[in-house]
Student: 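Have a look at this one before I ask anything.
Below, read A as the first sequence line, B as the second, and so on, with proteins coming before strands; counting in each chain starts at 1.
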Protein chains: 2
Amino acid sequence: MKIGELAKATGTQVETIRYYEREGLLPETTRTEGNYRIYGEAHAERLSFIRHCRSLDMTLEEIRVLLRFKDAPNENCGEVNALLDEHIGHVAARIRELRSLERQLKGLRDLCQEARDAAHCGILNELARQGSEGGSSAAGHVHGAHGRSVERKSIKDKRK
Amino acid sequence: MKIGELAKATGTQVETIRYYEREGLLPETTRTEGNYRIYGEAHAERLSFIRHCRSLDMTLEEIRVLLRFKDAPNENCGEVNALLDEHIGHVAARIRELRSLERQLKGLRDLCQEARDAAHCGILNELARQGSEGGSSAAGHVHGAHGRSVERKSIKDKRK
DNA sequence: CTTGACTCTTTAGTTGCTACAGGGTTTCCA
DNA sequence: TGGAAACCCTGTAGCAACTAAAGAGTCAAG
Ligand SMILES: [Zn+2]
Ligand SMILES: [Zn+2]
Ligand SMILES: [Zn+2]
Ligand SMILES: [Zn+2]
């Protein structure tokens, strides 16, 4: 099938498929005479795998690891379990952070019950107060389920 | 004070301060003869405000709105309250999504109690299964506390 | 006077896509 | 058979909120 059919079959955008190929998650395919990519069932399954993982908020790096095991069926899958445990940890950590944020935000919200002039708004005044570095996320400013705190390897020279 | 001192005083990186200036969150300062930025107490307070908001995972856009009210003390602060309520909604929505993910991930994890060969790993096999579009985040793949779900336009109306 | 700490601007990298622009190819239908 | 529509290709830029580095200038201490 052509890329558009694969896209429809898996609910993925065409550009995303090409992006995954560039990133090495999907293999380069054979092409038609007109230089169109041609996919088979195996590609569709692999792409479903990737999208399923993404829907669970795994990073492409995490998915890359899982794919390596999928490609080596004789390997012991212990590392897969470990990766999943870690990722569950990522999600749990983010939930804790967000719950803390939610508490702080609700406390802040209570500082202004009825609208008045901005100069006396309890919210604006509290936000301007210095210090009060809330005990929440030490790493701070994490996105999604994945903190910047997580080790940052040089992915640069992985390109071949 | 110079930019490094402001950075230390507020626990912000120097580059971040310059970035906020470029983005219009901090005003352009006067400069010394040697072209160094010079800051006063007002700048420190404004930067603290911004960082405080960021630590609550607000976007720079949300912060921009709050700053407009801080800069107009005579305005009625009702919009501030509304913005905060909305943002609390952003956080709450993300928490719900992540809790759903956590449940799914734990269910997945249970499919492989003890490590075996990858070909028979319940986790890998389940991830490869198609469909099963979990009932969680419809928009999917939201980051931080802010979902793509907000103002996500139909991509299909590309046709003319 | 030299060293080193600091600052300046500009540019590029991060993540996971998404959206063009500016072409080429295939398919459909009259 | 011709021409339009629908598809595909590569390459590049943009999103958020920074972070880092290159290459150069400025300043204070010893
Ligand atoms: Zn993870
Ligand atoms: Zn108020
Ligand atoms: Zn928000
Ligand atoms: Zn297993």
Side-chain angles (χ1 to χ4, degrees), chain A residues 1-8 12-26 28-29 31-39 47 50-51 53-64 90 139-159, chain B residues 1-8 12-26 28-29 31-39 50-51 53-55 57-64 90 139-148 150-160:
Chain A
M1 53 188 151
K2 287 187 285 181
I3 198 168
E5 304 172 79
L6 178 63
K8 214 164 280 175
T12 312
Q13 285 204 235
V14 167
E15 289 98 343
T16 302
I17 296 174
R18 288 197 280 246
Y19 171 72
Y20 287 161
E21 181 185 310
R22 271 203 306 286
E23 287 298 305
L25 296 172
L26 292 174
E28 298 193 11
T29 65
R31 305 281 185 118
T32 66
E33 290 219 344
N35 201 30
Y36 285 13
R37 290 171 180 85
I38 293 300
Y39 298 94
L47 181 52
I50 295 169
R51 295 306 289 173
C53 290
R54 283 294 298 135
S55 82
L56 295 171
D57 246 356
M58 295 183 199
T59 64
L60 297 191
E61 256 314 292
E62 288 170 332
I63 297 170
R64 247 182 275 270
H90 297 160
H141 323 308
V142 269
H143 292 295
H146 299 94
R148 291 275 173 277
S149 49
V150 187
E151 80 253 88
R152 284 159 44 84
K153 294 171 189 170
S154 67
I155 307 164
K156 298 172 185 177
D157 35 18
K158 273 201 167 184
R159 291 287 259 172
Chain B
M1 49 184 154
K2 287 187 285 181
I3 197 169
E5 303 173 78
L6 177 63
K8 213 163 282 178
T12 312
Q13 284 202 239
V14 167
E15 289 97 344
T16 303
I17 296 174
R18 289 195 280 246
Y19 171 72
Y20 287 160
E21 182 185 310
R22 271 202 307 285
E23 288 298 304
L25 297 173
L26 291 175
E28 298 193 10
T29 65
R31 304 281 185 116
T32 65
E33 290 220 344
N35 200 32
Y36 285 14
R37 291 170 179 85
I38 292 300
Y39 298 95
I50 296 170
R51 295 307 288 174
C53 290
R54 283 295 296 134
S55 82
D57 246 356
M58 295 183 197
T59 64
L60 296 190
E61 256 315 291
E62 288 170 331
I63 296 171
R64 247 182 276 269
H90 298 160
H141 324 307
V142 270
H143 292 297
H146 299 93
R148 291 274 175 281
V150 190
E151 62 183 324
R152 166 142 162 150
K153 293 168 188 171
S154 168
I155 308 156
K156 288 196 169 185
D157 51 25
K158 268 186 74 175
R159 50 179 73 167
K160 332 176 182 180

Student: Once you round it to whole Å, what is the distance between P of dA22(D) and CD of Glu15(B)?
Tutor: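 Nearest whole value for this atom pair: 13 Å.
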Student: Which residues satisfy the ring-ring contact (aromatic ring centres under 6.0 Å, His included) test with Tyr19(A), sequence neighbours excluded?
Tutor: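 Tyr19(A): no ring-ring contact (aromatic ring centres under 6.0 Å, His included) contacts found.
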Student: Rounded to whole Å, please give me the gap between CD in Glu61(A) and C1' in dG16(C).
Tutor: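 Going from CD in Glu61(A) over to C1' in dG16(C) covers 13 Å.
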Student: Which heavy-atom pair separates Gly4(A) from Val14(A) by the least distance, and what is that distance?
Tutor: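 For Gly4(A) and Val14(A), the tightest heavy-atom pair comes out as CA-CG2, 4.1 Å.
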Student: Within less than 4.0 Å of OP1 or OP2 of dA16(D), is there a side-chain N or O belonging to Arg64(B)?
Tutor: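 So the side-chain polar atoms of Arg64(B) never come under 4.0 Å of the phosphate oxygens OP1 or OP2 of dA16(D).
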Student: Tell me which of Val14(B) and Arg22(B) sits closer to the 5' end of DNA chain C, going by the nucleotide each one is nearest to.
Tutor: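 Result: Val14(B).
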Student: Please determine if a side-chain N or O atom of Arg54(B) lies less than 4.0 Å away from the OP1 or OP2 oxygen of dC18(D).
Tutor: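 Affirmative; the distance criterion is met.
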Student: Provide, to the nearest angstrom, the distance between the CD1 atom belonging to Ile3(A) and the C1' atom belonging to dT18(C).
Tutor: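 That distance rounds to 14 Å.
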Student: Within the 4.0 Å heavy-atom criterion, would you say Arg37(A) contacts the bases, only the backbone, or no part of the nucleic acid?
Tutor: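 Contact class for Arg37(A): sugar-phosphate only.
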Student: Is the shortest side-chain N/O distance from Arg18(A) to OP1 or OP2 of dC9(D) below 4.0 Å?
Tutor: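 So the side-chain polar atoms of Arg18(A) do come within 4.0 Å of the phosphate oxygens OP1 or OP2 of dC9(D), strictly under.
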Student: Hey, are the side chains of Ile3(B) and Arg18(B) touching, using non-hydrogen atoms and a 4.5 Å cut-off?
Tutor: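 In contact.
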Student: Just the rounded figure in Å: distance from C1' of dA17(D) to CD1 of Ile17(B).
Tutor: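 Ile17(B) atom CD1 is separated from dA17(D) atom C1' by 15 Å.
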Student: Roughly how many Å is it from OH in Tyr19(B) to C1' in dT14(C), rounded to a whole number?
Tutor: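 That distance rounds to 13 Å.
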Student: Ignoring backbone atoms, establish whether Arg31(A) has a side-chain N or O less than 4.0 Å from OP1 or OP2 of dT10(D).
Tutor: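 Yes, Arg31(A) has a side-chain N/O under 4.0 Å of OP1/OP2 on dT10(D).
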Student: Please report, rounded to the nearest Å, how far the P atom of dC18(D) is from the CD atom of Gln13(B).
Tutor: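 Taking CD of Gln13(B) and P of dC18(D), I get 10 Å after rounding.
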Student: List for me each residue that meets side chain to side chain contact (heavy atoms under 4.5 Å, CB included) alongside Glu61(B), sequence neighbours excluded, and say none if there are none.
Tutor: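 For Glu61(B) the side chain to side chain contact (heavy atoms under 4.5 Å, CB included) partners, ignoring immediate neighbours, are Thr59(B), Arg64(B).
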Student: Among Thr16(A), Leu25(A), Ile17(A), whose side chain to side chain contact (heavy atoms under 4.5 Å, CB included) with Leu47(A) holds?
Tutor: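 Result for side chain to side chain contact (heavy atoms under 4.5 Å, CB included) with Leu47(A): Ile17(A).
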Student: Please state how far atom CD in Glu21(B) lies from atom P in dT7(C), giving the value in whole angstrom units.
Tutor: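 Rounded to the whole Å, the gap is 14 Å.
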Student: Provide, to the nearest angstrom, the distance between the CD atom belonging to Glu23(B) and the P atom belonging to dC15(D).
Tutor: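 After rounding, the reported distance stands at 10 Å.
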Student: In terms of side-chain geometry, is the basic nitrogen of Glu28(B) or Arg37(B) positioned less than 4.0 Å from the acidic oxygen of its partner?
Tutor: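 Salt bridge flag = no for Arg37(B) with Glu28(B).
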Student: Quick test: give all pairs of protein nitrogen or oxygen and nucleotides 27-30 of chain D nitrogen or oxygen below 3.5 Å, distance rounded to 0.1 Å.
Tutor:
from	atom 1	to	atom 2	distance (Å)
dC27(D)	OP1	Gly34(B)	N	3.4

Student: How about Tyr20(B) and Arg51(B): does a side-chain donor come under 3.5 Å of a side-chain acceptor?
Tutor: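 Looking only at side-chain atoms, Arg51(B) and Tyr20(B) do form a donor-acceptor pair, the distance falling under 3.5 Å.
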Student: Is the distance from OP1 or OP2 of dC18(D) to the nearest side-chain N or O of Tyr20(B) less than 4.0 Å?
Tutor: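 For Tyr20(B), the contact criterion (side-chain N or O under 4.0 Å from OP1 or OP2 of dC18(D)) is met.
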